[in-house]
Amino acid sequence: MASVGETRVKDMEVSARANGGGQPGSPADPPKLSVKRLSVTYEDEATGERIEAIRDVSLDIRAGEFVTIVGLSGCGKSTFLSAVAGLVKPSAGTIRLNGVPVAGPGPDRAVVFQKSLLFPWRTVLRNVTYGLELNGVPLTEAIRRARDVLGMVGLKGFEHIYPSALSGGMQQRVNFARALVCDPELLLLDEPFAALDAITREVMQNELLSIWEQTKKTVLMVTHQIDEAVLLSDRVVVFTARPAQVLEEIRIPLARPRAITAKNSSRFNELMSRIWQLIHQSAVRKEEPEYEI
Amino acid sequence: MKSELPGVMPLRRAIVPVRWRLRRNGLGLLLGVGFLCLLLAAWELAGAAHLVDVRFASSPSRVLATGADMLRDGEMWRHVLASGKIFVVGYLLAVAAGVPAGIALGWFSTVRLALSPIVAALNAMPRIALMPLFIIWFGLGLGAKVALVFMSAVIPIVINMQMAMRNVDPDLIRVAKAYGANRRQIFRTVALPMSVPFLITALQIATGRALLGVVVAEVFGGSQGLGYLIQYAGATFQTDKVFVCVALIAAFGIAMDRLLTSASRRFDAWRGSA
């Protein structure tokens, strides 16, 4: 198990180098994640009403790419992420990771939820080892890897503290560490900074940038913070109002490695207002249900 | 999490520590003990001033003197040991059977559907109604009494553990599932640790019920135990002796409660009540 993880990291470094110093894989490569014509319809447990959350969404993500989905709240973007995580069953369409169909949750994907949702009876260290323990990694090995990742997210020295003693931002760091330590093929971020105050959020965005530079993970994020989407992503996908469809995909050509200061550039603001307009457009469309593309 | 509502926090800060400071300085304890002493003094004075008849109402000094006498001639120990034996055996059997039964009832819906009518019936019925049956089945000795204590204590344990299993945080289950946990792993890593506070509450409630069972069973029949002594002393107008027994049972109940509360404090670290 451990050796597999290490090999995977090495492979990734090699492929990253082959692609020219950390740029995401070229369009010719087979996609890491391939979602084809995905639809999700579920029944509201309270009302029994059938809700069409996602309609016919296709999306490919290349290895090492950071893709963010933005859209109005309640538009179905979180449902899309849950479907990729294997927590929600699609009613139509396919999800493939490395060409293999996704059937339920698996150790090749790790989710960072909006709420940190740590296990309050586990220390920080043992929260981080959780996923590894489930997958049968020996505890000593799991602890060694957890210590490394805790160092990376800036939580060295907090290993034996219980989550209740940590601030919201620190809890969310643990949440990230818990996902990163599993060395997933695909990292899924579900509005990971939405519950944090503005300053903590910016600090965390900056750290996510540097963690991403270090690990070169393939990331699918969902957010409704447009600036966050532009700052972090290689590509931003704008969803329509429910049922979610892809309204537009926007490449973010800002240079890597990026820092929080990228937010000051005029390029950044252009991209932001472009996305803002698209979302606004989808909001208007929501009020006119008969409007078709 | 702490700094999200800066406008609200100061208000809470201002109110909460007052209570805490009281407790930390032992003022709370002082108030509790002080009021109790005041009541005891009033009781003693009422007797001394002949406002009440001490032969019926007794008084703290008479209770103390009687208690000392009973301790000296070994009467107290004989009855305490008899009751203690029934309590320990019945209580431990109730824990040993009730915890797994409650967990099974809460975790497996088939078990719940099959057994919940029986549990509901047993919970609704006063357990003392079963005592004649227990005496017929297990005899007048230890058996029937232990059976009553067991039945009194086991139901709250079963119900609490069942609640624990049914109240597992769905968000944490979602996290476990996202990390690939199967049902057994969810049980072991989420449901079981989350049930610990419920277990402590269950043990606390069961203590009270078991003590009730002990006294009732001994009042019902037999020739020793605190319940028997209460009944006998009451029938022979030995009010002082009744009070000694009542005080002993109350003291034991409080001691058990404190023990379990301090056990639950160990979990405060993760509950974040600090």
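Letters A, B, ... are given to chains in the order of the sequence lines, protein chains preceding strands, and every chain is numbered from 1. Computed from a prediction, not measured in an experiment: that's the story for all the values here.
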Cation-pi geometry met for B:Arg183 and B:Trp107 (6.0 Å, 45°):
yes
From the list A:Leu220, A:Leu187, A:Leu97, side chain to side chain contact (heavy atoms under 4.5 Å, CB included) partner of A:Arg109 resolves to A:Leu97
Angle between ring planes, A:Phe119 versus A:Trp121, binned at 30° and 60°: parallel, tilted or perpendicular?
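A:Phe119 and A:Trp121: tilted rings.
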Side chain, backbone, both or neither of A:Leu134 within contact of chain B (heavy atoms, under 4.5 Å):
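A:Leu134 touches chain B through backbone and side-chain heavy atoms alike.
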In terms of heavy-atom proximity below 4.5 Å to chain B, should A:Leu118 be classed as side chain, backbone, both, or neither?
backbone
Between A:Val102 and A:Gly86, what is the shortest heavy-atom contact and its length?
CG1-CA, 4.4 Å
For B:Arg174, is it the side chain, the backbone, both, or neither that has a heavy atom closer than 4.5 Å to a heavy atom of chain A?
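Both the backbone and the side chain of B:Arg174 come within 4.5 Å of chain A.
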